[in-house]
Amino acid sequence: MATEPEPQGPTRLSKPSGGPSVQPLAPPQPGVPGPPPQGGRRTTARTAGTGRPAGPAVLASVQGGDGHGLSARAGDSTPEWLEPAMAANGIGSFDWDIRRDVLAGDARACAILGLENGAFDGTSAAFLALLHPEDAPVVRRRVERAVAELGQCGAYYRTVFPGGELHAVRFRGRVLADAFGRPSRMVGFVWDATVELRKRENAGRQAALREERSRFIKEAARALSEAVTVRDVARVFTELPLPGLPPDGLVLVALETGRLQVLGASGYTPEAVAAYDRTPLDPYQPTAEAIRRRVPVFIASQAEYQRRYPEAWPRAIGTGRSAWAFLPLVASGRAIGVCVVSFDESRELDADERTLLSTLGGLVAQSLARARLHDAEHELAAGLQRVMLPRTVPAVPGVTTAVRYLAAGSGLQIGGDWYDVVPLPGGHVGLVIGDVQGHDVHAAGIMGQLRIALRAYAAEGHPPAAVMARASRFLADLDTDHFATCTYAEVNVDYGVVYAVRAGHLDPVVRRADGTASVVSVVGGLPLGVAPDQEYQVTRFSLDPGETVVLCTDGLVESRTTDLDSGIARLCAAAAGDLGPFVHGGPGPLEELADKITARAAADSTEREDDIALLLLRWDGPQGGQAAQQLRRRIGQADLARVAELRGELRDALRRWGVAELIDTAELLASELVTNAIRHTDRDAMFTARLYRGDGREPRLRIEVEDESDLWPKRRTPGEQASSGRGLMLVEALADAWGVEPRGSGKRMWFELSAAAQE
C-alpha cells in the first residue's frame, strides 16, 4: 500500500490532551518511537499522565530539515492563511514526541482517524491496533527509516473505525532533531483517502469482472468450437453462466424460411417456448428488428418494450420478464437466427455488458452456422448410405440373417463398406460383404454401382467364381482408380454347404454348434478392379444346423491400436460363448450375437477411422431336422470344374439323408454320367438326385442326368491301355438298376442304388 521510503524509529504513541487519538502510522518496535498524530490547528499534546505540552505541530510540519519553510507573518510563528487552507482541504496535523512516546493531533486528524468517540490511551499498542494488518508492517518500516535517517516519510494505509467501517488515510511527516542531532519529534499532516480507496476497490472489482468475462469468452468459445451438431450448440448456449449479469432466461432461435425455430431454451416453461416455435417472423417484433438491422436490440424495462413494440407486447407480457437483449446471429453476412437474453428485473446494461453479449452472439452465430452445415452434410451422407445399402434383408427359408452397419466416428460417416443378401435360383442364398477403397461420397457411389452389378451377376445363377470375376471386370471398366475387397459366399440351403470366394477380403468366421468360433481359410485372390482377368478359386465348407457364418469388414478387427491378428482373435472370442436357446427360424439369438459383436467394437473406440459392416447367417437346417430328399444342379457345357463341386454336394446330401454308405458308389457313377453328358454334347446338363423311402423298405437313391442331345450312349469294351470308355460298364456293374429314357428333345440317363444292397 505504501509508496514512500521506510524510516526507522521508536514506536510508542500517545494522544493529545483532551482530544481523540490519531491514526496509526507504522507498527512500532520496542524502544523505537512511532509516528505522532496530526493537527489542523495548533494544539498542545501532553504526555500520558502529565500536563506538560508536547510542542507545536503545524509550524514544524511545514518547515524543512534546516528549520526553514514557508514565511510566517511578523510576530506570529504560524501563518494566518495556513489554518483556513488546511480546513478547506480537510487536512489534519499531528505531533509525535519521539522520546516521551506521546502523540498529539488536532480535531480534524482525530476525525479522519475515527477517534472522536473512541478511547485511546496514547500507547504504542493502542495506536498499532488501529492499523490494517496488511498495511502495518509497511508503515512501520517507513517510520523507522525516517527516524533513523532524520528524514521524512509518507504512506497510504487503511484503518478500521470503531463501527467496523474501512477507511483509508494518507500522511506525510518529517523527523526533527534536538540540539545534539538526535531524533526528537515527528510532525506532519494527515488527510482522508477513503474516496481513493473506494475507487481502487471499484477498479479492482471491475478488473476482476473484466478478467472473469475474458475467461468466460475463452471458455464459451472453446465449448462452442467443440459443439458439433445444432443440438450441441443449443445445449452449450442455454447452459452458459454469464459473469456479472446472470440471466433469468436464454433462448436460441434459428430463422428457417421466414419462420422462427426454437433450438433450445432455459428459464422458460415449455408452453411459453412453444408459443413462439414455428411462428412467422412478424415485422413488429424486436426479433425482426435485430435480424433486419443485424444489430443487437436492448430493452431495459417493460415500459420501454411496450413503448417501442406495442403490437408485440401482449405476447411478451406473459413471460414475466422485465429486460431483454436480442442478439442477431450473423454468419457470412447473413442473419441465421437470434439469441434472446432476458432478466426478471429491469436492467440498463452498460457498455461492457453490451459488448460481452454482442461478442457472445458472434461466437454462437459462427458455431451455429458450422453445426447446421455439419448436420446437413451428415443428413445427406446418411440418406446416401441408406440408399446404397439394402433397406431390408430378404427372408430365405432355411436360414436366418442379421446385419449391422456402424459409420466411422469422424468425417462424413459415409464410406464404401457394404453387405448384401441375394436370393438365388433353386432357393439358395448368396452372401456379399465388401469394402471399396476410400471413405467419401465417391467411394459410396462406386460401392452402390458395384453392389448392384454383383447382385445382378449372382441372381442370374452364375457360380461364385464367375460372379467375382465379372464384378472385378465391371469395377475395372468403371476406370475410377479405386479397388474393392469382397467376399462372396453361396449357401446351399438344402444341405448347409457354403461355396466361398475371396477377393482380398477377410476370411469368414464360423460359430460352430458347440459354441466355439474359428476362422475358415478361403483361397484368396486379388481385390476387385486390380486385375480384370483374375480367375478366382472356390473354397467349400459345410455347416451343421444352428451354425453361423460371420462376415465383416476390416473396420471391425483393425485399427491404429489393434493389429489384424489380434482383431480376428477378439472377433472369434466375441462370436463364441453361450447364447440363448436355438429356435428354428427364430432370429433372437442371432440378433443377440450381432449386438454382442458390434457392442464390443463400439466400446473399443469412440472415434473409429473406418466403417464397420457385419453380416451373420445361421443355417437353420431343414424343418424338423430332416434334410431335403432332392438335389438338382445345372452343369454348364464343358464346365468340368463344376463336376467336382457337384460331387461334393452329393456327398453332403447323402450324409445328411442318412445313407452315407452310398456315397462312394453314387459319387463315382454320377461323375461318369455327368462327364459324358457335358463332354459329348454341346448343351448344358441337368443333374437330379432323389432319395425314396417306402413304407418298411430300405431307402433307394435315384440319380438322373438330362441333356438335349439325341445321341444315345453306347456300351464299349475298351482295351487295357484305354483311358476312357468304361463309364457304362461301371454303371452296369455297380448300379442296382440303370437306363436311358427319351425325353422330347434329348434324353435322360439314370441309375438307382439301394441302401440295403450296399451293406
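Both backbone and side-chain heavy atoms feed into the values below; hydrogens, waters and symmetry mates do not.
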*Evaluate the side-chain contact (heavy atoms from CB on, under 4.5 Å) criterion for residues Cys572 and Val519: first the C-alpha distance (whole Å), next the side-chain angles of each, then the deciding distance (0.1 Å), finally the verdict.*
CA-CA 8 Å; Cys572 292; Val519 176; 4.0 Å; yes
Is there a side-chain contact between Phe216 and Leu356, using heavy atoms and a 4.5 Å cut-off? yes
Legend entry - Beyond-backbone contact of Val522 with Val501, side-chain heavy atoms, under 4.5 angstrom: no
Criterion side-chain contact (heavy atoms from CB on, under 4.5 Å) on Leu255 and Leu329, from CA distance to verdict: CA-CA 10 Å; Leu255 183 62; Leu329 304 179; over 6 Å; no
Practice problem: Just say parallel, tilted or perpendicular for the rings of Tyr305 and Trp313, cut-offs at 30° and 60°. | Solution: tilted
Exercise. Under 6.0 Å from the CZ atom of Arg293, do we count more than 12 heavy atoms belonging to anything else shown?
Worked result: no
Close side-chain approach of Asp420 to Leu454, heavy-atom, < 4.5 Å: no
Scanning both residues in full, the closest heavy-atom pair of Leu590 with Ala402 reads CD2-N, 3.7 Å
Taken to the nearest 0.5 Å, the spacing of Thr238 OG1 from Leu250 CG works out to 7.0 Å
Any chance you could lay out the side-chain contact (heavy atoms from CB on, under 4.5 Å) test for Leu528 and Leu450, step after step, and finish with the verdict?
-> CA-CA 10 Å; Leu528 303 180; Leu450 183 59; 4.0 Å; yes
- Using modelled atom types only, decide if a donor and an acceptor are shared between the side chain of Arg511 and the backbone of Gly577 within a distance under 3.5 Å. yes
- Message: Could you tell me if Thr553 and Asp417 have a donor-acceptor pair between their side chains, going purely by distance under 3.5 Å?
- Response: yes
Q: Mark yes or no for whether Asp350, through its side chain, and Asp352, through its backbone, hold a donor-acceptor pair below 3.5 Å.
A: yes
Closest non-hydrogen contact found for Phe326 with Ala290 is O-CB, 3.9 Å
### Query
Cys339 versus Leu252: any side-chain heavy-atom pair under 4.5 Å?
yes
Of Ile612, Val509, Leu571, the one forming a side-chain contact (heavy atoms from CB on, under 4.5 Å) with Ile597 is Leu571
In this structure, CG of Leu616 is separated from SG of Cys552 (nearest 0.5 Å) by 9.5 Å
As a quick check of understanding, evaluate side-chain contact (heavy atoms from CB on, under 4.5 Å) for Leu240 and Leu360, giving each step before the final call. CA-CA 10 Å; Leu240 288 176; Leu360 176 62; 3.5 Å; yes
Under 4.5 Å between any side-chain heavy atoms of Met468 and Gln534, yes or no?
no
Closest non-hydrogen atoms of Arg259 and Pro280, given as atom of the first, atom of the second and distance, are NH1-CD, 3.5 Å
Problem set entry | Heavy-atom donor-acceptor pair, Tyr536 side chain to Leu526 backbone, under 3.5 Å | yes
**Asked** Are Glu345 and Asp248 side-chain neighbours, meaning at least one heavy-atom pair lies under 4.5 Å?
**Response** no
With a 4.5 Å limit on heavy-atom distance, are the side chains of Trp418 and Val436 in contact? yes
Any side-chain donor near an acceptor of the partner, Thr229 and Asp232, under 3.5 Å = yes
Worksheet item: Is any NZ, NE, NH1 or NH2 atom of the basic residue among Glu226 and Arg222 found under 4.0 Å from an Asp or Glu carboxylate oxygen of the other?
Response: yes
* To do: Give a yes or no on whether Arg231 atom CZ has more than 12 heavy-atom contacts from other residues, nucleotides or ligands under 6.0 Å away.
  => no
Closest non-hydrogen atoms of His132 and Leu166, given as atom of the first, atom of the second and distance, are CD2-CD1, 3.9 Å
* Are any non-hydrogen side-chain atoms of Val549 and Leu615 less than 4.5 angstrom apart? -> no
Under 3.5 Å, is there a donor on one side chain and an acceptor on the other for Tyr276 and Thr287?
no
I'd like to know if the side chain of Arg372 reaches the main chain of Ala254, judged simply by a donor and an acceptor atom lying under 3.5 Å from each other, with no hydrogens or angles considered. no
In this structure, OG1 of Thr480 is separated from CG of Leu475 (nearest 0.5 Å) by 5.0 Å
Taking every heavy atom of Tyr268 against every heavy atom of Gly249, the minimum-distance pair comes out as CE1-CA, 3.7 Å
For Ala323 and Ala300 the tightest heavy-atom approach is CB-O, 3.7 Å
